[in-house]
Every structure is written in structure tokens, then in C-alpha cells.
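Just so it is clear, the values below take in all heavy atoms, side chains as well, and ignore hydrogens, waters and symmetry mates. Proteins come first, then strands; the chains are lettered A, B, ... in the order of their sequence lines, and each starts at number 1.
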Amino acid sequence: MAISQARIIESMEQACSNPNPDEFIFSFLDAYGFPKSTITRLRKGDDSRNVASGDDIGLKKKLYFRSVPEGTDLNAEADSLKASEVVSRNDIRFVIVTDFKSLVAVDLKAEERLETTMDDLDKQYAFFLPLAGYEKAVMYSEHPADVKASEKMGRLFDLIRERNDLSKPEDIHALNVFLTRLLFCFYAEDTGIFAQGQMTSAIQSTTQEDGSDVDQFFSELFTVLNLEDDAPERKAMAAHFQEFPYVNGGLFEADEPIPEFGRKARRLLIDCGNMDWSEINPDIFGSMFQAVIDEEQRGDLGQHYTSVSNIMKVIQPLFLDKLYTELEKSRKNERKLKELLLRLQNLRIFDPACGSGNFLIIAYKELRKLEMEIIDALNTVSDQTEMYYSGIKLSQFHGIEIDDFAHEVAVLSLWLAEHQMNMAFKEKFGYAEASLPLKDSGHIVCGNALSLNWDNVCSPSDGKGNPFEVYICGNPPFLGHGTRSKEQISDMQTVLSHVKTYKLLDFVACWFWKGSLYVEKYNAELSLVGTSSICQGQQVDLLWTPILKKGIRLHFAHKSFSWSNNAKDKAAVHVVVVGLSAKAKEVNLYEKYKSDTIKKEVENISPYLLDGGNTVVSIRESQISGSPKMIFGNMPNEGGNLILTGEERAQLIGENPESAAWMKKLVGAKEFLQGGERWCLWLTGATKNDIDRFPSIRSRVDRVREKRLASKDAGTRKLAERPHEFRDLNNPDSFMIIPSVSSERRKYVPIGLFGSDVISTNLNLIIPGAGLYEFGILTSEMHNDWMRTVAGRLESRYRYSATLVYNTFPWPEINDQQRKTIEELAEEVLLVREDYPDKSLSKLYDPKEMPEPLREAHKALDRAVEKLYRDKPFRDATERLEHLFARYEKLIAEEKEKAPAKKTAKGSN
DNA sequence: CATCCGACAGATA
DNA sequence: TATCTGTCGGATG
């Protein structure tokens with residue numbers, strides 16, 4: 001079992017604070033998971049493992065460590081070591097030189113250098129991760145030209161918007177059409193489809209400087225672009241229009257209104273035209289729509305464009321990486337290179353939610369680039385002067401898109417990409433097939449991916465029984481519950497008919513399921529972007545259990561990362577990329593660390609996207625270990641009328657001091673974690689007369705009734721019958737509070753104990769009657785590790801829940817003495833907290849600010865709780881989880897044995 | 001009646 | 001504008 005990054009960070013923090021020169025290197029090696037036996041031998045001076053001489057430490061293929069007196073030039077020392085015979089003979093990866101004030105390290109493989117002070121070394125722990133088996137993955141970064149062009153077009157759009165009324169959806173659509181056509185023309189005049197600068201110079205020389213006739217110009221231009229070369233209407237046009245070629249019926253066919261331009265907009269238009277558009281990725285089309293579209297349309301289906309770097313996260317591990325590996329293996333072998341060329345022609349790339357075609361375009365271009373490298377290698381290997389042409393056809397690229405306009409753009413963009421790659425081919429080899437006239441285009445179907453038969457869109461074989469090598473990729477739409485239309489829900493029902501509670505899944509799950517059916521049937525491979533919630537919380541069991549049953553496994557995954565693209569307003573969401581295959585041999589897990597993405601080869605990727613087994617926890621109504629029941633706090637659902645600020649409370653009491661008897665302190669997650677005061681009217685037991693005595697309270701209660709009656713939710717409307725009360729009436733004498741949402745930066749979700757003077761809102765979960773023992777277990781690292789794995793998340797925040805986290809947690813079996821120990825240590829945690837009365841729990845549990853005594857108290861408790869599970873301490877979270885999951889499985893099995901008829905809460909069937 | 005979630009939402013730096 | 005961190009109550013079982 002590999003060492004976890006969390007443990008490395010922790011150990012490095014220790015090793016780097018006040019390093020002991022004699023011990024430092026040993027703590028360092030320990031931190032990165034070197035075997036204890038190796039470290040002990042090195043410490044004893046046993047030189048059978050040490051390849052270095054003197055006081056240096058050298059481990060074959062790993063590192064060479066040297067400590068030097070203060071004042072030594074560390075870089076020079078590292079350089080001389082780097083060039084030394086002992087380092088190259090032993091294939092050393094890292095050279096490390098330090099004077100214990102600063103440290104210089106060189107990664108000889110990645111050719112990177114780290115210079116840092118000793119104090120900051122722990123923050124640089126990622127540099128040495130290859131020592132623990134984590135390799136940095138090389139990722140694609142955004143093209144600056146795209147960003148620049150997108151900004152310019154955004155400004156042009158703003159100017160057009162000032163001048164034109166865009167209140168109606170059809171106006172916006174017309175503008176979208178116009179911008180697409182404009183972009184095509186910019187493209188065309190820089191890439192040889194038009195004459196160089198043909199349109200821009202025509203605008204410059206034939207339109208008024210005040211921009212008043214620019215719309216007329218475009219009207220005529222678009223007409224001529226839609227006329228075949230020998231069409232008689234052409235003759236009637238002005239000479240400078242006649243020079244434009246016939247392009248493509250699709251794009252310029254419809255007669256859409258053209259926006260008016262002003263002086264400024266015309267100048268910006270010419271400015272845009274003078275840019276070099278040949279450098280731009282065709283995927284900019286998608287980017288443009290996203291960046292310039294109307295606010296209200298943002299977030300609509302298909303408008304979420306995927307950045308190139310995120311597309312690469314999907315297609316590199318899916319097929320590009322292995323094809324490149326194949327090329328490297330075959331470089332010297334003419335026959336194998338030719339086979340690889342043929343293999344490329346046998347590929348099928350299929351995006352069942354293709355939008356304006358971003359994934360297909362990037363995939364196409366990347367495959368053409370690879371093909372050029374193969375041809376290059378062939379030219380080097382073979383003596384014959386054979387002319388190799390590109391064999392990759394646009395017809396190998398399949399897509400489904402529900403929006404007709406996006407689908408048109410996708411077809412067009414693919415053709416542009418083909419032209420672009422033909423130019424690149426010609427540049428490299430001096431010859432290429434002509435792009436014109438238009439040949440076959442991508443096979444993009446306009447329709448509903450959830451009702452279409454995918455076999456018909458992307459046929460898995462050539463019809464003569466020869467299978468294609470099919471890869472499914474894309475970024476289908478995410479829609480959580482409450483955000484879906486009736487039609488979409490009915491689509492979900494059709495596709496996810498095997499899941500009873502299919503409505504709990506995200507819309508995107510449809511593509512994963514339908515995709516896995518295709519993968520299973522044709523032994524294809526798939527890689528899709530999904531919202532991170534499909535790998536968290538209640539969805540995990542529903543989606544993945546049936547997929548894993550098919551023998552399909554997650555052959556790579558990018559762990560949850562925050563969504564980002566070049567759009568002005570990017571979607572706020574965390575996403576995952578998951579690859580599915582029944583045949584892949586290598587399993588890789590990718591994780592973002594600051595600006596790097598780290599790749600790690602693992603045995604298996606769990607549906608939680610962890611390096612571990614496939615055990616999945618499903619929601620359950622009852623506690624698996626018989627611990628006390630956890631319930632919700634109290635949902636107010638009253639529009640703020642029963643809730644009082646400190647001032648409002650004072651005012652009410654000022655009006656009538658007796659009203660104070662009906663008030664209680666209100667604690668939501670925010671008050672609990674960050675402090676602050678809120679109060680509520682807790683009128684349970686109050687009669688109509690009681691309430692009428694306080695006019696202010698009476699009017700508040702009346703407003704609650706109105707508010708509830710206005711709700712679209714039937715349950716809420718029914719609540720209007722008792723408008724003086726919260727929806728729930730949980731006010732136990734003593735109880736524990738656990739915030740339902742809290743920051744993921746914390747090692748422990750802060751929890752606390754309260755009495756009946758406090759009302760908890762539904763933003764907390766509560767356990768009535770819970771005491772120190774329950775507090776001790778639930779605040780332990782064991783339980784928090786469990787929570788981190790099985791809990792749902794709000795983006796990346798922890799989302800504690802009773803059915804997923806609490807009810808499923810396997811509690812230890814204990815005797816009275818052990819119980820007492822835990823209670824004492826739990827009390828100690830609470831007592832230490834009291835030493836910081838002016839610090840909120842949020843501050844106390846902030847990893848940067850957590851006071852040392854509190855940390856210590858928790859550590860003592862953690863160790864004691866661990867001991868309840870087994871004597872031998874756990875090495876890290878991975879080991880703790882392994883143990884807990886094994887215990888969970890055992891408990892579930894026992895439960896089934898005892899009561900086979902009584903089913904546990906399982907969503908999938 | 002109970003409760004998980006939000007291609008988020010609101011406050012703060 | 002980026003960063004941080006949890007509201008509110010609907011939709012759903």
C-alpha cells in the first residue's frame with residue numbers, strides 16, 4: 001500500500017522544524033516512505049546500501065545527499081555532484097545539498113531545480129514526490145493567442161450590444177450566427193481559404209468610417225459566400241464581392257439580421273481582422289459563445305465550453321498517451337510504423353455531447369500531429385522515397401448535439417481544423433492534399449443523445465465484421481436535482497431504468513451509464529468529464545455499483561478539481577474526469593497539486609477516486625453500530641420572520657420584557673463555527689392569546705403564514721397551518737452539534753455539546769443525548785477520515801450527513817475502562833478549547849492557526865480511538881480506511897446473515 | 001415526514 | 001476580482 005501524501009506533508013513539517021543535522025536525512029527518508037530497515041542500516045553506518053563515500057548518503061536510483069558547512073555555494077556544490085561519476089553510475093534521481101539553513105535539490109530526470117530555505121522546505125514537498133512513486137504529469141497549458149482573441153471579440157460584442165437591442169432570444173441568436181460567420185471569415189482570410197486579408201481590406205476600403213454601412217457590407221458578403229461559383233446572381237454583385245469563393249451552404253444559408261456598427265465598432269472589427277487568426281484553435285468558437293453570450297443564457301445546455309487543457313485531461317490518458325508510447329516503441333521499425341498509420345485510420349472518436357465540437361476538433365488535430373510524427377519517423381527509417389499522405393478522415397469523428405446551431409458550428413469547425421492541419425502538413429513535408437473542394441465532414445448528428453441509438457451514430461465496425469477502435473469522450477451537461485426539465489427527467493428515467501432512485505443522480509450520469517453499455521458491448525473505452533458529485537456521497541453507489549458489475553473498471557481518473565476556462569463567467573463547479581475500460585492494463589490516478597498535475601500508477605481506482613478497493617458505502621436509515629440516533633436540526637422555512645438579530649431581540653424585549661420568555665438562542669453552522677449571535681422565536685406551546693399579547697410577534701407570525709402559503713412546495717404550504725413554529729421541533733435537553741457543511745481545510749470537523757437553551761438550525765445535524773464518549777469518537781481522526789471518504793461534498797467542502805457518514809460508520813467495540821479513557825481525553829479537548837474563549841471554532845480548527853495544545857489533545861484522543869480498533873498504530877489515512885472498510889463490509893455481511901429478509905437501504909438493484 | 005443537494009451564493013480580502 | 005466557506009429551502013424518497 002503506497003504512502004499517502006497527507007502523511008508525507010505531516011512528516012515533512014516535523015522534519016523541517018528545527019532540523020537536527022545528524023537526523024534530518026533519516027527523517028526525510030522516513031517521510032517519503034523508505035523502509036525502516038534501510039534507514040536503520042544507514043544510520044548505523046552500514047554501507048552496503050550507501051553508494052556514497054564520506055558522510056554523504058547515496059541511494060541507488062533515488063537520491064544523493066550531502067551536508068556542507070554554512071557559507072558554501074550550494075548551487076555549485078549541487079552542480080559538481082550532478083556531474084560526478086558516482087551520481088551517474090548509480091542513476092541518481094535527486095541530488096540534495098544543504099547547510100541546514102538553505103537547501104538546493106536537483107531533479108535530474110525532470111531537469112528541475114529547487115532552491116529553498118529549510119523553513120519552507122515542507123511546503124515544497126511535492127518536488128520530491130517521485131521518491132514516493134508519484135510522477136509529475138506533463139499537462140497542456142492554454143494558448144495565449146486564444147485568450148487575446150477572446151478578449152477582443154468580447155469587446156466587439158460589448159460595442160455591438162450598446163448599439164443594438166438584444167432583449168429577445170431571437171436577437172441574441174441572430175448575433176450568435178453573425179459572430180460565427182465573422183469568425184469564419186477572420187479565419188478564412190488568414191488560412192488561405194480566402195485571399196490573405198481579403199475581407200478586412202474590403203471592409204477598410206469600401207465602408208464608411210462611421211460604420212454606418214458595415215451591416216450592408218456583411219449582408220452582401222454573406223450572400224456571395226452562399227452563391228456557387230457559377231451562380232448567375234454573382235454577376236450582379238460588385239467586383240470586390242465576386243472575388244470571394246463559394247464556401248459552404250450551411251453556414252451562410254439562413255437570412256439572419258445583421259447588427260449595426262458604429263465608428264468604434266468598425267475600428268475594432270478591422271483590428272480583429274488584422275490579428276493573426278491562423279494561430280487560434282478552432283475551439284475558440286465555443287469559447288467565444290461562452291464569453292459573449294447573454295447573461296441569462298449562460299449556464300444553458302451546451303454553452304459550457306471546455307478549455308483545451310481540460311480536453312487534454314480527457315483524451316491524453318484515453319488514447320493519445322498510449323499511441324505516442326507505441327510510436328516510441330516502433331520508431332526504428334518500418335513495418336510497425338506503417339501498422340501504426342493504419343491503426344490511426346481505424347480509430348473512431350465519438351463525443352455524445354459534442355456541443356460546438358471542441359473535443360472532436362482537438363482530438364482530430366492531435367491525431368493529425370501524431371500522424372505527422374509517424375510519417376517523419378518513416379521517412380527517417382525507410383530508404384524509398386515514398387510519399388505518405390494523411391489517412392485520417394473527418395468521417396472517423398462522430399458526435400451528437402441537441403442544439404442545431406452548435407451542431408452546425410461543430411461541422412464547420414471540424415472542416416476548419418482539417419484545413420489547418422493540411423496547411424501544417426504542407427509546411428512540414430512540402431506537399432499535401434488540397435482542402436478544396438470540401439470532402440466528407442465529421443459525422444455529427446443533431447438529436448437527443450439520450451434517446452438516439454449510439455450504435456447508429458458511431459458504428460463499432462466497418463460492416464464487414466472488422467471492429468473499429470472506438471473512444472468515447474466529452475463533457476456532457478451536469479444538472480442536479482431541481483434543475484432539470486420534465487423532458488430531461490423523462491430521459492433520465494429511460495436511460496437509468498435500472499436505478500430505482502434515479503432522480504438522485506446527476507443528469508450527467510446518463511452519459512456514463514449509456515457509455516458503459518457501449519464500452520461493454522464493443523470493448524470500447526470511454527473518458528468523460530462529470531460533476532464531482534457523481535463520485536461523492538449518495539450517487540456513488542447508484543452510479544458505480546452497476547457499472548463495476550459489468551467488469552468495467554475505472555482505468556484512469558482525474559480527482560476532483562475546480563472548473564476553469566477562459567470565459568468571463570466560468571461555471572462554479574468541481575469536476576472529475578473518469579476513464580472506463582474493460583481492457584486497459586495500466587491504471588493511473590491524476591491529482592492536481594497547485595499548478596501541477598501529478599500522476600500515479602495504482603492497483604485500482606475506487607469509485608471515490610481513491611487508490612483503494614471498490615467497496616462502496618450506501619445510504620442507510622439505521623446506525624450500523626447501534627450508536628445513538630442522529631437527527632436533523634430545525635429547518636426554519638419562515639422567510640426570516642421567526643429569526644431575530646441581537647438588535648431585533650433587544651427591540652422586542654424593549655417593547656415588552658415578557659416576550660423574552662419565548663426566545664431562544666439560534667445556532668446554525670455559521671454561528672457554531674464562526675460565532676455571532678442569532679435568536680429565534682420558539683413559540684411551541686404558545687396559544688393564540690399568548691401570541692396576540694405581542695403585536696410585533698403576531699405580525700411576524702402572520703408574515704410566516706403568507707410566506708409559506710406562497711411556496712411552490714406542497715409541504716411548505718401545509719406548514720402555514722402552524723406559522724408560529726419552525727418546520728422541525730427538535731429541542732432536546734442535551735445534544736451534540738455537527739455542522740452539515742464545513743471547510744475541507746480542516747483536519748477535524750469541529751463538533752460541540754449544547755443544552756436546551758439552544759436551538760440548532762437544519763444546517764447542523766444533532767445527536768440528542770450524546771455525551772463525551774460520542775464526542776470523542778466522532779471528533780477522532782478515524783471518523784474524520786471516514787467522513788472525508790464517504791461524505792458528499794459542496795464543491796470541495798465536507799458535507800456531513802447522517803445516512804451516509806454517521807449511520808455507516810463502524811464504531812469500535814469497547815469495555816467500560818476504554819469508554820472512560822475516551823471520555824477523559826474528549827473532555828480534555830473541550831477543556832483546552834475553553835482556554836481560548838475569544839477564538840471561534842473556525843479559528844481553533846484552522847490548520848494554520850490551530851493552537852498546539854489543542855492539536856496535542858486531539859492527537860492523544862486520536863491515538864486512543866485508533867487503539868480501540870487495533871493495537872498496532874495505523875501508518876496513515878489509507879491504512880485507517882482499509883481497516884474501516886473491511887469492518888464495514890463485515891458488519892454488512894453479519895447484518896444480512898441475521899436478517900436476510902430485511903433489506904438495507906440500497907438504491908441500486 | 002425526513003434529508004441531500006445545488007455547472008452555487010454571499011461575504012470578505 | 002479572487003478567495004473562502006457555508007444559507008436556504010426545494011425536490012425527492
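- Rounded to whole Å, the distance from CZ on A:F507 to C1' on B:dC5 is 18 Å.
- With respect to A:E781 and A:K747, a salt bridge is recorded, a charged nitrogen being found less than 4.0 Å from a carboxylate O.
- In this structure, A:K670 places its NZ atom where only 12 or fewer heavy-atom neighbours from other residues, nucleotides or ligands lie under 6.0 Å away.
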For nucleotides 1-9 of chain C, 5' to 3', base contacts (B), sugar-phosphate-only contacts (S) and non-contacts (-) with protein non-hydrogen atoms under 4.0 Å give ----BBBBB
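- Residue A:Y845 forms a side-chain hydrogen bond (donor to acceptor under 3.5 Å, both in side chains) with just one option from A:R746, A:R745, A:R833, and that option is A:R833.
- C:dC4 and B:dA7 have their P atoms separated by 23 Å, given to the nearest Å.
- Between the C1' atoms of C:dG6 and B:dC4, the separation comes to 15 Å (whole Å).
- Here the shortest heavy-atom pairing between A:T803 and A:T808 reads O-CG2, 3.5 Å.
- Donor-acceptor pairing under 3.5 Å, judged by distance alone, is absent between the side chain of A:N730 and the base of B:dA2.
- Counting non-hydrogen atoms under 4.0 angstrom, A:R708 reaches nothing in the nucleic acid.
- Partner A:H783 forms a ring-ring contact (aromatic ring centres under 6.0 Å, His included) with one of A:Y800, A:Y748, A:W811 and no other, that one being A:Y800.
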Writing each nucleotide of DNA chain C 5' to 3' as (, ), [, ], | or . by Watson-Crick or G-U pairing under 3.5 Å yields ||||||.||||||
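- Ring orientation note: the planes of A:W786 and A:Y888 are tilted relative to one another, at an angle of 30° to 60°.
- Heavy atoms only, all atoms of each residue included: A:G480 and A:D506 are closest at N-OD2, 3.4 Å.
- For the OP1/OP2 pair of B:dC1 and a distance below 4.0 Å, the side-chain nitrogens and oxygens of A:K718 include no atom meeting the criterion.
- Put simply, CZ on A:R717 is 12 Å from C1' on C:dG10, counting in whole angstrom units.
- Rounding to whole angstrom units, CD of residue A:Q488 and P of B:dA7 are separated by 11 Å.
- Rounding to whole angstrom units, CG of residue A:L479 and P of B:dG6 are separated by 11 Å.
- Annotation: cation-pi geometry not satisfied between A:K843 and A:Y836 (NZ/CZ under 6.0 angstrom from ring centroid, within 45° of ring axis).
- The same atom, P, is picked in B:dC5 and in C:dT7; the two are 16 Å apart, to the nearest Å.
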